[in-house]
Amino acid sequence: MRNLLRKVYHFLVNSNLLVSIAASSQVGLTYLLIGGSYNYLIILLVGCITLLMYNLSIFLSLPKEPLKSPYTRTQWIGRNKLLFYLLSSLAALCSVVIFFKYMLDFRLLLFLSLTGVVGLLYVLPVFRVRGKWQGARQLPGLKVFHIAVVWTLLTAFLPIIEHIIDGLVLPEALIYQIGVRRFLFILLCTLPFDVRDMQRDSVYGLKTIPILLGQRKVRLIFYCGVVIHALVSLGFFPHGELVYAFWITDFILLIWVYKYVFRENSYIRSYLMDFILVVQFVFAWISTYFFCAGGFL
């Protein structure tokens with residue numbers, strides 16, 4: 001059983017299905033925060049778009065002989081190219097069906113198109129860096145901020161815009177706080193990856209924040225960021241019960257990063273930070289359920 005779970009986990013990580021599920025979970029969390037009904041088409045769509053964007057990034061950087069790569073994920077893709085392309089094709093097909101069959105509002109399609117352009121800037125060679133045309137990931141220190149912006153647009157503002165179009169009135173303060181909290185939390189989940197990938201990023205010539213500032217400063221920034229996120233969650237309204245869910249998730253993230261990223265620098269275990277995005281939604285849903293039901297919280 002343990003071996004089976006390990007194989008499933010490795011499959012979810014290497015195929016990018018885990019990060020796709022994480023993105024869908026964060027969309028669900030936004031619906032929970034704004035008190036609106038879940039639009040499962042939007043949740044599925046964001047998951048498919050996330051899978052496509054991450055797989056495209058890998059495809060564009062895939063070496064000619066992936067089986068000779070020193071990196072586990074690259075080797076896995078080299079052994080499972082057909083499956084990798086099949087999952088990407090299914091995600092693309094699903095996105096197209098949702099786009100055209102269910103006729104999403106034009107304003108949503110426009111927002112998704114603009115977000116897609118911002119996301120593609122991560123890998124498309126449109127920036128002149130050191131005499132070569134490169135993607136945004138090559139710009140010094142921009143990588144984690146670019147990822148956080150795209151995730152915030154997709155998982156926070158897309159469902160908010162959808163509900164506003166449907167006539168739901170939301171306080172501006174709530175919208176801003178959801179956006180700021182989501183951006184900060186995605187940064188916290190992304191920054192440790194750059195610490196883990198310092199050696200590989202230096203080989204590819206990337207100037208990430210850990211390379212520019214050093215590991216010690218980045219660790220301090222991370223710990224301060226967790227505290228700031230906890231304080232932002234404390235002021236969250238009107239759903240005060242969600243503070244518990246956010247605090248528990250912050251604590252899990254803090255312990256996991258300290259133990260398996262900053263100390264052991266475990267490659268495969270660090271991907272559980274994607275799973276934390278799912279856990280955050282689950283805790284928030286449980287917390288809200290018990291409050292609404294008059295439970296023990």
How long is the straight-line distance from [atom2] of [Y] back to [atom1] of [X], given to the nearest 0.5 Å?
X: L44; Y: S20; atom1: CG; atom2: OG; answer: 8.5 Å
X: L18; Y: T50; atom1: CG; atom2: OG1; answer: 11.5 Å
X: L12; Y: L17; atom1: CG; atom2: CG; answer: 6.0 Å
X: L51; Y: S88; atom1: CG; atom2: OG; answer: 5.5 Å
X: L108; Y: L158; atom1: CG; atom2: CG; answer: 6.0 Å
X: L188; Y: D250; atom1: CG; atom2: CG; answer: 7.5 Å

When hydrophobic residues are tied together by side-chain contacts of less than 4.5 Å, even through go-betweens, does [X] share a cluster with [Y]?
X: V96; Y: L52; answer: no
X: L168; Y: Y31; answer: yes
X: I160; Y: F183; answer: yes
X: L90; Y: M53; answer: no
X: V180; Y: L174; answer: no

For [X] versus [Y], what's the shortest heavy-atom pair and its separation?
X: P159; Y: V27; value: CG-CG1, 4.1 Å
X: V278; Y: A22; value: CG2-CA, 3.7 Å
X: C48; Y: S95; value: CB-OG, 3.4 Å
X: W247; Y: A230; value: NE1-O, 3.0 Å
X: I98; Y: L41; value: CD1-O, 3.7 Å
X: V243; Y: S233; value: CG2-O, 3.0 Å

What do the steps show when you test N16 against V19 for side-chain contact (heavy atoms from CB on, under 4.5 Å), and what is the final call?
CA-CA 5 Å; N16 280 324; V19 72; 4.0 Å; yes
For H229 and F185, take the angle between the two ring planes, folded into 0 to 90°, and tell me which bin it lands in: parallel under 30, tilted 30 to 60, perpendicular over 60.
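Aromatic pair H229/F185 classed tilted.
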Contact between [X] and [Y] at the side-chain level, heavy atoms closer than 4.5 Å - yes or no?
X: T30; Y: Y38; value: no
X: R219; Y: P192; value: no
X: T115; Y: F111; value: yes
X: L253; Y: C189; value: yes
X: L83; Y: F11; value: yes
X: T190; Y: F145; value: no
X: V13; Y: W76; value: no
X: Q26; Y: L29; value: yes

Before giving the answer on side-chain contact (heavy atoms from CB on, under 4.5 Å), spell out for R182 and W151 the whole-Å C-alpha distance, their side-chain angles and the decisive distance to 0.1 Å.
CA-CA 8 Å; R182 183 65 49 78; W151 271 70; 5.9 Å; no
Quick check on F59: does its CZ atom have over 12 non-hydrogen neighbours (other residues, nucleotides or ligands) under 6.0 Å away?
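Counting neighbours around CZ of F59, 12 or fewer heavy atoms of other residues, nucleotides or ligands fall under 6.0 Å, so no.
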L154 pairs by side chain to side chain contact (heavy atoms under 4.5 Å, CB included) with which of V149, L112, L45, V118?
L112
Assess the residue pair F283 and I276 against the criterion (side-chain contact (heavy atoms from CB on, under 4.5 Å)); give the C-alpha distance rounded to whole Å, side-chain angles, the decisive distance to 0.1 Å, and a yes or no.
CA-CA 10 Å; F283 283 165; I276 287 175; over 6 Å; no
For G35, is there any backbone N or O sitting under 3.5 Å from a side-chain donor or acceptor partner on H163?
no
Show your working on side-chain contact (heavy atoms from CB on, under 4.5 Å) between F275 and Q280 and close with a plain yes or no.
CA-CA 9 Å; F275 186 66; Q280 187 184 55; over 6 Å; no
